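Worksheet: the structure to be examined is printed underneath.
We count ligands from 1, going down the list as the structure has it; atoms in each ligand are counted the same way. Along the sequence shown, residues are numbered consecutively beginning with 1. As the structure is a prediction and not an experimental result, all values here were calculated from the model.
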Amino acid sequence: MDIQAIYKQANALLEGHFLLSSGNHSGFYLQSAKVLEDPKTAALLAAELAAEIQAAGVVADLVCSPALGGILAGYELARALGVRSIFAERSNGKMTLRRGFEVKAGERVIICEDIITTGGSAIEAAEAIEAAGGLVVAFAALANRGFCSRVGSSITADLTCKLPADKPFFALADFEFPIYPADRCPLCATHPAAIKPGSRNNS
Ligand code: ZN
């Protein structure tokens with residue numbers, strides 16, 4: 001499965017000259033939610049991710065996603081694995097299980113995101129699960145931004161990755177692309193001014 005092609009087709013992987021929220025520039029931008037806009041694509045990607053998890057022998061009782069970004073990916077992954085799906089959300093800044101979601105002691109949980117950058121929200125969701133008595137057995141995401149090491153890829157985790165090294169991380173693809181400080185961006189010389197993705201006015 002050509003994951004990058006699927007992202008491009010869905011306008012989830014944009015190419016151009018972008019101003020990131022960090023202030024850095026990049027030639028690529030991921031709009032992760034766009035790839036899940038078509039439920040058929042979402043189901044296809046989740047089935048592939050579930051197959052990787054099952055092939056590795058990881059068994060779970062449920063999937064938990066950090067809201068908001070991870071919910072659709074986690075729900076589809078749970079469907080593909082035949083387990084239930086819950087989500088954690090911020091309440092007063094702390095990732096919490098609400099809405100009557102419960103985890104029984106010892107239940108095995110996969111934490112699922114749409115994309116893992118450094119894994120910060122995923123780790124907070126994992127902490128909420130463990131505080132409730134659950135056992136986090138793996139992390140999963142449709143895409144890996146390239147800062148964390150995943151099963152089946154040679155990418156090594158860099159210092160910004162927050163995922164624990166002793167739990168497997170499954171993802172369908174690595175989206176590694178360079179980012180540049182605004183004053184040292186080679187694209188500035190060859191492209192129109194960097195735009196904020198999602199902005200309709202490109203001026
Ligand atoms: Zn630039």
Which Ile, Leu, Val, Met, Phe, Trp or Tyr residues join Tyr180 in one cluster when any pair of side-chain heavy atoms under 4.5 Å counts as a link? Leu187
Charged N to carboxylate O below 4.0 Å: is that the case for Arg108 and Glu130? no
Salt-bridge test for Arg84 and Glu102: reply yes if a basic N is under 4.0 Å from a carboxylate O, no otherwise.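 No.
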Within-2.8 Å protein N/O/S contacts of the Zn ion (ligand 1):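 You should have found His17 NE2, His25 ND1, Cys185 SG, Cys188 SG.
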Salt bridge (charged side-chain N to carboxylate O under 4.0 Å, His left out) between Glu124 and Lys94: does it pass, once the steps are laid out? CA-CA 8 Å; Glu124 290 180 66; Lys94 189 172 162 55; over 6 Å; no
Are the aromatic rings of Phe28 and Phe177 close, with centres under 6.0 Å apart? yes
Would you say the side chain of Leu19 lies within less than 4.5 Å of the side chain of Ile195, judging by non-hydrogen atoms? no
